[in-house]
Amino acid sequence: MAKKIVLSGMRPTGRLHLGNFAGALSNWIKLQNQTENQCLFMVADWHALTTDYEEPSKIESNIQEMVLDWLAVGLDPKKTIFFRQSWVKEHSELALILSMITPLSWLERNPTYKEQIVELEGKALSTHGFLGYPVLQAADILLYGATHVPVGEDQLPHLELTREIARRFNYLYKKSIFVEPQALLSHVPKVSGIDGRKMSKSYGNTIDISEEEELLKKKIKTMFTDPLKIKANDPGHPRACAENPKGCSVFSFHEIYEESKEKNHLREKSCKEGSLGCVQCKNELFQEMNQALKPLREKRDFFSKEKGEVNQILKSGSQLASSLAGKTLTSVREAIQYHEAL
Ligand code: TRP
């Protein structure tokens with residue numbers, strides 16, 4: 001049976017945090033380990049340039065840091081094709097061709113585009129490249145005939161555009177060259193940051209996947225807890241409720257990292273009764289998280305000592321990706337009656 005082609009991408013933003021892990025990476029690992037899938041995971045560095053073109057100097061080191069985290073969590077280049085978008089030039093040619101057939105109105109009405117323009121207010125984003133972001137993303141997906149695209153909810157409009165562009169191309173040139181991909185939305189548990197808000201780099205409230213031991217300890221110490229629990233023996237409200245609408249960050253992490261449901265149940269009870277103080281509860285959390293993150297840290301260290309390893313992985317992945325993408329592009333050129341160079 002033909003394998004499902006699963007493709008996803010991430011803009012290189014540097015080290016990844018536990019929110020990224022819960023939101024995307026844990027799902028990627030699951031998909032990679034299902035033998036019916038051929039996965040391709042892409043470093044979307046041209047997409048990074050759409051918003052960071054004024055200051056591109058960080059992109060290169062962000063790529064290294066991000067891919068080290070991919071390796072640390074167990075994504076495996078032996079099972080999966082990792083590649084770098086800008087090293088597979090076919091993406092630029094297909095994006096250009098698709099831009100010819102994509103009506104401007106489709107791009108202008110895209111809700112993610114409208115939201116981002118507001119959110120990234122400080123940046124000058126009235127550019128062709130930024131408006132065309134989803135066209136490049138469509139090229140990323142269609143070049144490989146991806147059937148499934150694991151993404152977060154914010155990416156659904158981009159995926160719908162990809163489907164519309166594929167349909168329009170097939171219709172215009174009367175060939176069914178492109179496959180319409182499906183989104184794979186996974187259930188994403190809410191990961192709160194150390195201040196109780198959603199974990200996000202822009203809030204400065206993250207814990208990194210490879211957070212170093214001492215920093216992990218420090219961050220857990222400053223974690224948001226029930227503001228009404230001031231003394232250790234005050235009764236606390238570990239979950240969001242009328243008294244503590246934000247809930248307690250420490251408890252929400254116990255729910256992820258404590259393996260025994262039973263223990264968490266007891267923990268919740270003791271907190272509510274005032275027999276468990278926040279300091280002890282945080283110490284316990286440190287033990288759990290440190291144990292979970294330790295092997296990731298070690299794996300990351302191992303790969304980061306192998307100089308040039310990340311680039312080597314990306315290079316061979318990109319060559320493979322390029323040979324797959326090249327086949328699609330040949331059919332595309334034929335469909336629009338362009339011939340390969342003589
Ligand atoms: N736009 C995606 C994001 O910001 C990244 C991305 C680029 C992507 N190309 C892709 C995701 C192709 C899935 C498929 O998260």
Side-chain angles (χ1 to χ4, degrees), residues 4-14 16-17 19-28 31-32 37-52 59 62-63 66-67 69-70 75 80-92 94-95 98-99 102 107 110-117 119-120 123 125 129-166 178-186 188 198-202 314 317-318 321 324-325 328:
K4 290 183 191 154
I5 313 274
V6 177
L7 179 136
S8 197
M10 228 182 241
R11 276 171 297 170
T13 50
L16 300 176
H17 55 71
N20 302 127
F21 181 76
L25 292 179
S26 60
N27 196 28
W28 288 14
L31 292 163
Q32 155 188 279
N37 299 332
Q38 171 60 60
C39 294
L40 296 111
F41 296 132
M42 180 188 83
V43 176
D45 59 336
W46 273 335
H47 277 116
L49 206 53
T50 62
T51 49
D52 298 348
I59 294 178
N62 281 351
I63 292 174
M66 182 174 83
V67 175
D69 280 336
W70 288 7
L75 289 172
T80 288
I81 303 174
F82 291 7
F83 70 97
R84 178 169 167 175
Q85 187 182 37
S86 69
W87 287 355
V88 184
K89 306 294 180 214
E90 286 81 358
H91 290 242
S92 60
L94 184 59
L98 296 180
S99 77
T102 307
L107 301 171
N110 175 354
T112 305
Y113 170 73
K114 290 196 226 160
E115 272 167 34
Q116 288 251 303
I117 286 270
E119 218 168 275
L120 303 173
K123 295 188 177 174
L125 290 179
F130 190 64
L131 183 65
Y133 184 112
V135 180
L136 180 57
Q137 185 160 342
D140 300 339
I141 297 167
L142 299 177
L143 269 177
Y144 303 94
T147 49
H148 295 85
V149 182
V151 280
E153 216 160 299
D154 64 313
Q155 295 294 309
L156 288 182
H158 291 164
L159 216 68
E160 195 46 42
L161 261 171
T162 303
R163 296 160 58 82
E164 281 170 328
I165 292 172
F178 294 133
V179 179
E180 285 184 41
Q182 276 177 31
L184 277 184
L185 261 187
S186 60
V188 179
K198 179 181 176 316
M199 188 178 286
S200 158
K201 219 168 184 165
S202 53
L314 290 176
S318 299
L324 297 171
T328 309

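Every number for a ligand or one of its atoms is a count from 1 in the order of the listing.
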>> When you measure from the side chain of S318 to the backbone of R84, do you find a donor-acceptor pair of N or O atoms at a distance under 3.5 Å?
In response: yes

> Within the distance-only criterion (no hydrogens, no angle test), does the side chain of T147 pair as donor or acceptor with the backbone N or O of I5 below 3.5 angstrom?
Replying inline: yes

> Heavy atom under 4.0 Å from ligand 1: found in I141's side chain, backbone, both, or neither?
Replying inline: side chain

>> Among all protein heavy atoms in this structure, tell me which lies nearest to atom 11 (C) of ligand 1, with the distance rounded to 0.1 Å.
In response: G9 N, 3.4 Å

>> Under a 3.5 Å distance rule, please check whether D69 uses its side chain to pair with a backbone N or O of L16 as donor and acceptor.
In response: yes

> More than 12 non-hydrogen atoms from neighbouring residues, nucleotides or ligands closer than 6.0 Å to NZ on K198, yes or no?
Replying inline: no

> Any idea which part of M42 is under 4.0 Å from ligand 1, heavy-atom wise: side chain, backbone, both or neither?
Replying inline: side chain

>> Tell me the protein heavy atom at minimum distance from atom 8 (C) of ligand 1, and give that distance in Å.
In response: Q137 NE2, 3.6 Å

> Given V6, T50, L7, L136, which one has a non-hydrogen atom that is nearest to atom 14 (C) of ligand 1?
Replying inline: L7

>> Using heavy-atom distances only, which candidate in Q155, M10, R11, H47 approaches atom 7 (C) of ligand 1 most closely?
In response: H47

> Which ligand 1 atoms, with their elements, are less than 4.0 angstrom from a heavy-atom of A44?
Replying inline: 7 (C)

> What atoms in ligand 1 come closer than 4.0 Å to a heavy atom of Y133?
Replying inline: 1 (N), 2 (C), 3 (C), 4 (O)

>> Counting non-hydrogen protein atoms only, what is the nearest one to atom 9 (N) of ligand 1? Give residue, atom name and distance.
In response: D140 OD2, 2.7 Å

> How are the rings of F41 and W70 set to each other: parallel, tilted or perpendicular (split at 30° and 60°)?
Replying inline: perpendicular

> Counting N and O atoms only, with roles assigned by atom type, does the side chain of T50 sit under 3.5 Å from a partner on the main chain of W46, one being a donor and the other an acceptor?
Replying inline: no

> Which atoms from ligand 1 have a heavy atom of V149 less than 4.0 Å away?
Replying inline: 13 (C), 14 (C)

> Just by distance, do the side chain of T112 and the backbone of P157 share a donor-acceptor pair under 3.5 Å?
Replying inline: no

